[in-house]
Amino acid sequence: MKPKKEILYAYSIITEAVSKDSDTFIRDIGQALRSDGRETIEKRRMELSHRTEDADVLVFSSEGKDFFFGMMMTLSPGNLMGTLPKEAMKEKSININKLKNDGVDITKYKGVYYFALSKTKLICNVSAKQKRLSVYLNWLIEAFRGKTHYRFEPIVHEQKEIKLEGIKRILFQSGVGFDLPSLPQENNKFAINIAFNNLLENLKNLDNQQISRLLKDDIVQATLVFEVKKRPKDRSKEDHKKLLARTLATDENITFVDKKGKKIEGALIQTKKEVELEITDKGIIIEEGLKQEMKKFLLELEKQ
């Protein structure tokens, strides 16, 4: 069959602790998986809310020297996404081929994705999953990480079309929300949450009939424009770029505009790689091929 194209997204592992660094992350995960409390798939289910049976779970993993590869699945009983057979929940791990051989309809599992870890980097084959994956892995290793907390930040790079330090405006489309982080040395975050939808609903009731009609007929959308101030003299160029791109990098609803009017979508700033993967006759990705491509990407990032 024709190879499947897959996009791999790159993130840095950020450790929020005084006495630990990201070198211990893979070790903590390995210890957790070998412990009684996380040994089986059933024990690794993290319920998303007490009001639902939906859960995230690591169903398969492979470890190597300074390397970890895993498959995540969202279980949703009573939904088309389905759940795993009771027998499978008692296993330490299970892969797609095993499920197929057991007669499980793999196509109904929409919440499946893969990730790989090195000492300092994360690779994931879906975008915008890093926060949820961070929540899960921190929960998984809770008994081993102490007061340490791990999070993932997109690895960003400058496009030829625009330089981050030359950004003049940031445009936000309807419905977007974002965090504006403080400098790396500080712990506090100044979070800005923008809810355009409520604003638009209120604008529909304006006395101005032209604006009201355009909004009610869903012809226009709101765009918030931020003018970027000059870089303070006491802030380095590197910190300035991080403040601009760190959290904005994965949101396609964000556009950067430089001083010459050139535009670039926020999502294009994140470092990513397109790979071709062999698939089975049933259209399923061959996991070993994906694992090797992720490992290769991690090695490339380490050399940069």
So which atom in Y136 and which in R44 form the shortest heavy-atom distance, rounded to 0.1 Å?
OH-O, 2.8 Å
With a sphere of 6.0 Å drawn around NZ of K273, does it hold more than 12 non-hydrogen atoms of other residues, nucleotides or ligands?
yes
Establish, from distance only, whether the side-chain atoms of Q270 and Y9 form a donor-acceptor pair under 3.5 Å.
no
Verify the cluster assignment for I286 and I7: are they in a single hydrophobic cluster under the rule of side-chain heavy atoms below 4.5 Å apart?
no
Looking only at heavy atoms, what is the nearest atom pair of L33 and S61, with distance?
CD1-OG, 3.6 Å
Within the structure provided, determine whether V257 and K168 are in side-chain contact (heavy-atom separation under 4.5 Å).
no
Test log, rule side chain to side chain contact (heavy atoms under 4.5 Å, CB included), inputs T15 and T24:
CA-CA 10 Å; T15 306; T24 63; 6.0 Å; no
Relative to the ring of F67, is the ring of F69 parallel (under 30°), tilted (30 to 60°) or perpendicular (over 60°)?
parallel
So how far is it from I285 CD1 to E278 CD, rounded to the nearest 0.5 Å?
11.5 Å
Side chains of N125 and M294: does their closest heavy-atom pair fall under 4.5 Å?
yes
Would you indicate whether the side-chain heavy atoms of K119 and E302 approach each other to under 4.5 Å?
no
Gap separating the CG atom of D54 from the CZ atom of R45, nearest 0.5 angstrom:
9.5 Å
When you measure from the side chain of R145 to the backbone of D28, do you find a donor-acceptor pair of N or O atoms at a distance under 3.5 Å?
no
Could you tell me which non-hydrogen atom of A88 sits nearest to which non-hydrogen atom of I41, and how far apart they are?
O-CD1, 3.4 Å
In the structure I gave you, are the side-chain heavy atoms of Y11 and L133 within less than 4.5 Å of one another anywhere?
no
Could you check whether any side-chain N or O of S134 sits under 3.5 Å from a backbone N or O of Y150, counting only pairs where one atom can act as donor and the other as acceptor?
yes
Give me the atom names and distance for the closest heavy-atom approach of E293 to E276.
OE2-O, 4.4 Å
V275 and K296, any side-chain heavy atoms less than 4.5 Å apart:
no
Would a distance-only check, ignoring hydrogens and angles, find a side-chain to backbone donor-acceptor pair under 3.5 Å from T271 to A10?
no
Enter the distance from K121:NZ to S12:OG here, rounded to the nearest 0.5 Å.
5.0 Å
Side chains of Q130 and P154: closer than 4.5 Å at any heavy-atom pair?
yes
Run L137 and F68 through side chain to side chain contact (heavy atoms under 4.5 Å, CB included) and show every step you take.
CA-CA 12 Å; L137 292 177; F68 185 90; 5.8 Å; no
Would you compute the distance between atom CG of L298 and atom CG of L8 and round it to the nearest 0.5 angstrom?
9.5 Å
Pairwise side-chain contact, L140 with M46, heavy-atom cut-off 4.5 Å (strictly under):
no
CG/L122 to CZ/R151 distance, rounded to the nearest 0.5 angstrom?
13.5 Å
Could you please spell out the steps behind the side chain to side chain contact (heavy atoms under 4.5 Å, CB included) verdict for R132 and L48?
CA-CA 10 Å; R132 188 151 158 179; L48 303 184; 3.2 Å; yes
Are V112 and F60 close enough, and set up right, to give a side chain to side chain contact (heavy atoms under 4.5 Å, CB included), and what steps lead you there?
CA-CA 11 Å; V112 175; F60 169 78; over 6 Å; no
Report yes or no: do L299 and L301 belong to one cluster of Ile/Leu/Val/Met/Phe/Trp/Tyr joined by side chain heavy-atom distances under 4.5 Å?
no
Could you tell me whether E42 and K90 make a salt bridge, using a distance below 4.0 angstrom between a side-chain N and a carboxylate O?
no
Mind checking whether F152 and F25 have parallel, tilted or perpendicular rings, split at 30° and 60°?
tilted
In short, M73 meets L75 closest at the heavy-atom pair SD-CD2, 3.6 Å
K129 to C124 - nearest heavy-atom pair and separation:
CB-SG, 4.5 Å
hydrophobic_cluster_shared for I123 and L277, side chain cutoff 4.5 Å
yes
Distance col, row T255:OG1 vs R169:CZ, nearest 0.5 angstrom, shows 13.0 Å
Is the count of non-hydrogen atoms from other residues, nucleotides or ligands lying under 6.0 Å from K92 atom NZ greater than 12?
no
Flag side-chain contact, heavy atom, 4.5 Å: E288 against Q292:
yes
